[in-house]
Q: 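I am attaching a structure below and will ask some questions about it afterwards.
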Amino acid sequence: MDVTDVQRLPAEQRFADELVRLRDNDKNDRPKGWQLSPRAVRSFVLGDSKLDVSQKFFGDDPLVDRCIVSLMGQQGLMLVGEPGTAKSLLSELLSAAISGDSNLVVQGSAGILEDHLRYGWNYALLLAEGPSERALVASPVLTAMRDGKVARLEELTRCAPEVQDAMISLLSEKTISIPELGPGQEVRATPGFNVIGTANLRDRGVHDMSSALKRRFNFETVQPIADREFEKALVARQVAERMAEHPRATELDEKVVDVLVAVFRDLRTGTTEEGATVATPNSVMSTAEAVNVAHAAALDAYYLDGAKTSTSHIARQIRGVVFKDDPEDARRFRSYIDQIAKARMKRDKAWSEFYKAAKKDLGSL
Ligand SMILES: Nc1ncnc2c1ncn2[C@@H]1O[C@H](COP(=O)(O)OP(=O)(O)O)[C@@H](O)[C@H]1O
Ligand SMILES: [Mg+2]
């Protein structure tokens, strides 16, 4: 299989050359079981211009340091925050840098059972030869313990409380016993093992995390990017990356990114640059969603319009990409357009085109 055919490679493959350079130049101490020193892990996530290592997570350097320190300790690391704040990305980057492997993932959902955290069986082999190492199907957590790697638990709060409880005993005992293989048979965690969980604040209601689980993890809250210029740079760069497979499409104008990011920030925070208050939608107005809108707009402009991406393409994509078909949100967006975007028409062409296209798009509602 040609790697370029895979839609998204794991971080250790996407940035394999960076990891090699970091490793070759790593003169600092490494905790047992780690592929890189904590400093090199930080460079991988936050960038190092001397080694030509790109910055991948933006906006909160001290958070990254705290996460790395936490993973050296006894407790797991739990990243919580709004959807689209790069919790999964950060967990992927940390496990790629620390273990060279970001694939030991359990995706939390109501369907996850305790066995998914421990082990299962290949039933054909189990029937043929009885319980054996060969018939055992290790969970990502068991593999991480055995190999001294970081396991990732995505959306842990979506799992049933019993499953969360099972996680507690795994984290406190750092052992998985496998009685089927014989008395006393177990897998003990080797150095380098730890767990990174992620949880979306919006799911909280689903299954509140137990206090025991909370004690087993260090919690870090990931905030949306606070700095406007950071956010603009990130959106521009990520759209450019996604559009790399369409090399003839032109890059996004700064002005287009500027309008998009302004709209997202106004609606996310509920306060505009001018200090006016606007109703915030239920939909997630994250940087990740802004990238999705810009990407859709760029594809629309290039393939359907044969034109350069403009703010009118952005306006046309916001409803479908962000508000889906939530009529309440569409109403909130309409009042934003009527009150805020309209008043900005006199600023420049980018805003007046945005206003006109949004108005037209919302007209059918
Ligand atoms: N602070 C940030 N630094 C880098 N990328 C970010 C940041 N915030 C959002 N993103 C973008 O948002 C995308 C989605 O993030 P993801 O990890 O799926 O979010 P979450 O798991 O928090 O819902 C990331 O892959 C990245 O493109
Ligand atoms: Mg996620």
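Just so we're clear, the structure is a prediction, and the values are computed from it rather than from any experiment. Just follow the structure's listing: the first ligand is 1, and inside any ligand the first atom is 1.
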Q: For ligand 1, which atoms, with element, lie under 4.0 Å from some heavy atom of Thr85?
A: 8 (N), 19 (O), 20 (P), 22 (O)

Q: Within the structure, does Asn200 bring an N/O atom to less than 3.5 angstrom of an N/O atom in ligand 1?
A: no

Q: Going by the closest heavy atom to atom 2 (C) of ligand 1, which one wins out of Ile225, Val235, Asp227?
A: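 Shortest heavy-atom distance from atom 2 (C) of ligand 1: Ile225.
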
Q: Within the structure, does Arg8 bring an N/O atom to less than 3.5 angstrom of an N/O atom in ligand 1?
A: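 No; the residue has no nitrogen or oxygen that sits under 3.5 Å from a nitrogen or oxygen of the ligand.
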
Q: To check your reading of the model: name the closest protein heavy atom to atom 4 (C) of ligand 1, its residue, and the distance in Å.
A: Lys56 O, 3.2 Å

Q: Under 4.0 Å from a heavy atom of Pro83: give me the atoms of ligand 1 that qualify, with their elements.
A: 23 (O)

Q: When you measure from the centre of the six-membered ring of Phe15, is the NZ or CZ of Lys56 under 6.0 Å away and within 45° of the axis?
A: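 Verdict for Phe15: a cation-pi partner in Lys56.
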
Q: Please check whether Gly84 reaches ligand 1 - meaning an N/O of the residue sits under 3.5 Å from an N/O of the ligand, judged on distance alone.
A: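 Checking ligand 1 against Gly84, an N or O pair does fall under 3.5 Å apart.
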
Q: At what distance is the nearest protein heavy atom to atom 17 (O) of ligand 1, and which residue and atom is it?
A: Leu89 N, 2.8 Å

Q: Has Ser88 got an N, O or S atom lying less than 2.8 Å from the Mg ion (ligand 2)?
A: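 Within the cut-off used here (under 2.8 Å), Ser88 does place an N, O or S atom near the Mg ion (ligand 2).
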
Q: Is the shortest distance from a heavy atom of Gly59 to ligand 1 less than 4.0 Å?
A: no

Q: Using a 4.0 Å cutoff against the non-hydrogen atoms of Gln238, which atoms of ligand 1 qualify?
A: 11 (C), 26 (C), 27 (O)

Q: What protein heavy atom sits nearest atom 6 (C) of ligand 1, and how far away is it?
A: Leu234 CD2, 3.4 Å

Q: Considering only protein heavy atoms, which is closest to atom 21 (O) of ligand 1, and at what distance to one decimal place?
A: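 The protein heavy atom lying closest is Ser88 OG, 2.8 Å.
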
Q: Going by the atom numbers of ligand 1, which of them fall below 4.0 Å from some non-hydrogen atom of Ala86?
A: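 Within the 4.0 Å cut-off of Ala86, ligand 1 contributes 2 (C), 6 (C), 7 (C), 8 (N), 9 (C), 10 (N), 15 (O), 16 (P), 17 (O), 19 (O), 20 (P), 22 (O).
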
Q: Identify the protein heavy atom lying closest to atom 22 (O) of ligand 1, giving its residue, its atom name and the separation to 0.1 Å.
A: Lys87 NZ, 2.6 Å

Q: Just to confirm my output: which protein heavy-atom neighbour is closest to atom 12 (O) of ligand 1, and how far is it?
A: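 Of the protein heavy atoms, Ala288 CB, 3.2 Å lies nearest.
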
Q: Number the atoms of ligand 1 from 1 as they appear, then name those within less than 4.0 Å of a heavy atom of Phe58, with their elements.
A: 1 (N), 2 (C), 3 (N), 4 (C)

